[in-house]
Novice: 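Below: one structure in structure tokens.
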2 protein chains.
Amino acid sequence: MAKRVSHSESLCGVARPLDAIGDWWSLLIVRDAFDGLRRFGEFQKSLGLAKNILSARLRNLLAHGIMETVPAADGSPYQEYVLTEKGRGLFPLLVALRQWGEDFFFDPDEAHVLLVDKKNGLPVRRLELRAQDGRVVGAEDTMVQLPPALRSNATA
Amino acid sequence: MAKRVSHSESLCGVARPLDAIGDWWSLLIVRDAFDGLRRFGEFQKSLGLAKNILSARLRNLLAHGIMETVPAADGSPYQEYVLTEKGRGLFPLLVALRQWGEDFFFDPDEAHVLLVDKKNGLPVRRLELRAQDGRVVGAEDTMVQLPPALRSNATA
DNA sequence: CGCTTGAGGTTTTAATTTGCAACCGATATA
DNA sequence: TATATCGGTTGCAAATTAAAACCTCAAGCG
């Protein structure tokens, strides 16, 4: 955290998010939250990280509005950590990460968990980026365009 | 790097990729590579990071097969760094990160770079996850399914 | 030739982060 | 009253990160 820049100013659309979730653990916490985990102890058991680190990461996620605490759920006197809308917005990113991992980090025959459609248990499709006209586009079909204001400098 | 586990074993499909690109800089380097940067000095100038860190990150990206060095391009005696197929596979992830950043890290009226279709200059669509039947699905419509082999333990 | 310059790093060193372990406070539980 | 469990915080040693200085090689040039 707090890598080089004080806050969000002058960071591009890729770098700003990284300031919030750009470490190993944060995304795993978010993933566990998507899987329904809510309690401090649940995250700790699932991830096996030190409590002070989990504490710091949760604080950071709260500070960035990615998770929030809710008073209780089952009457216990403790609070729980749940994703905000901003946090739930990370779903496509997690899917992209998972699909990339499946593509390149597993042997072809190696067993791994599958993301499936709840309705029928079938695996989901691949994430696809489409242009306005519906074409599936890759990196080579796209470019980044600076906003009219600040033409020309880099990594705005 | 080398966070807690020696190598890839027993890491889920989300954690394994994070072992390779789970730090602030690596993804930014990859993004710059998508933007056409190839030389050590180009990356350093663009990202403004210390040379030893860039060196370490590039080495790591090479070790993970995300980038590779090619002997030259313009006759200079130095090597260049280009994305492998595995590295190019990160495109959807970068798009997901960018779109999330645009959604939640910019004021509605704040200018930011746009990812556009090269053919016509129009912005690309949003990334969408679809089920086999074509339905757009969100987190709440999906679940992770363990492979038949190892039913029941967590985070396999 | 001898000097400088720039690319592409490595080494040194200091600051930051990490993670283990111990502790703490509050609530249950025996 | 003991004791255990949850949800943390605090110390402290070890590892990681980063800034700056240094090194090497090749080219340019006077």
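Chain letters run A, B, ... following the sequence lines, proteins first and then strands; every chain starts at 1. Basis for what follows: all heavy atoms, side chains included, without hydrogens, waters or symmetry-related copies.
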Novice: Could you state the CG-C1' distance from A:Leu54 to C:dC20, rounded to the nearest angstrom?
Specialist: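 For the pair A:Leu54 CG and C:dC20 C1', the rounded distance is 15 Å.
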Novice: Does NZ or CZ of A:Lys86 come closer than 6.0 Å to the centre of the six-membered ring of B:Phe105, within 45° of the ring's axis?
Specialist: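 The answer is yes, since A:Lys86 meets both limits relative to B:Phe105.
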Novice: Whole Å only: how far is the CZ atom of A:Arg38 from the C1' atom of D:dG7?
Specialist: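 Those two atoms, CZ and C1', are 16 Å apart.
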Novice: Answer yes or no on whether B:Arg39 is positioned over the face of B:Tyr78, meaning its NZ or CZ is under 6.0 Å from the six-membered ring centre and within 45° of the axis.
Specialist: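 B:Arg39 over B:Tyr78 ring: no.
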Novice: Listed by chain and number, what are the side-chain hydrogen bond (donor to acceptor under 3.5 Å, both in side chains) partners of A:Arg88, not counting sequence neighbours?
Specialist: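 For A:Arg88 there are no side-chain hydrogen bond (donor to acceptor under 3.5 Å, both in side chains) partners, ignoring immediate neighbours.
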Novice: Establish whether A:Val144 and B:Phe43 are linked, either directly or via other cluster members, by ILVMFWY side-chain heavy-atom contacts under 4.5 Å.
Specialist: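 Linked, A:Val144 and B:Phe43 end up in one cluster.
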Novice: Rounding to a whole Å, what distance do you find between A:Gln44:CD and D:dT5:P?
Specialist: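 Roughly 14 Å, once rounded to whole Å.
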Novice: Sugar-phosphate means primed atoms, P, OP1 and OP2; the rest is base. With that split, encode nucleotides 4-10 of chain C 5' to 3' as B, S or - using protein heavy atoms under 4.0 Å.
Specialist: --BBBBB
Novice: Check the phosphate of C:dT18 against A:Trp25, side-chain N and O only, distance under 4.0 Å to OP1 or OP2. Yes or no?
Specialist: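 No, outside the criterion.
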Novice: Please report the distance, rounded to the nearest Å, between CD1 in A:Ile53 and C1' in D:dG8.
Specialist: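 A:Ile53 atom CD1 is separated from D:dG8 atom C1' by 13 Å.
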Novice: Which whole-number value in Å describes the distance from A:Leu49 CG to D:dG7 P?
Specialist: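 That distance rounds to 14 Å.
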Novice: When you look at CD of B:Glu85, are more than 12 heavy atoms from neighbouring residues, nucleotides or ligands closer to it than 6.0 Å?
Specialist: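 No, not enclosed.
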Novice: Can B:Asp103 and B:Arg126 be counted as an ion pair, charged N to O under 4.0 angstrom?
Specialist: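 Yes.
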Novice: Output the rounded distance in Å from CG (B:Leu28) to C1' (D:dA18).
Specialist: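 From B:Leu28 CG to D:dA18 C1': 16 Å.
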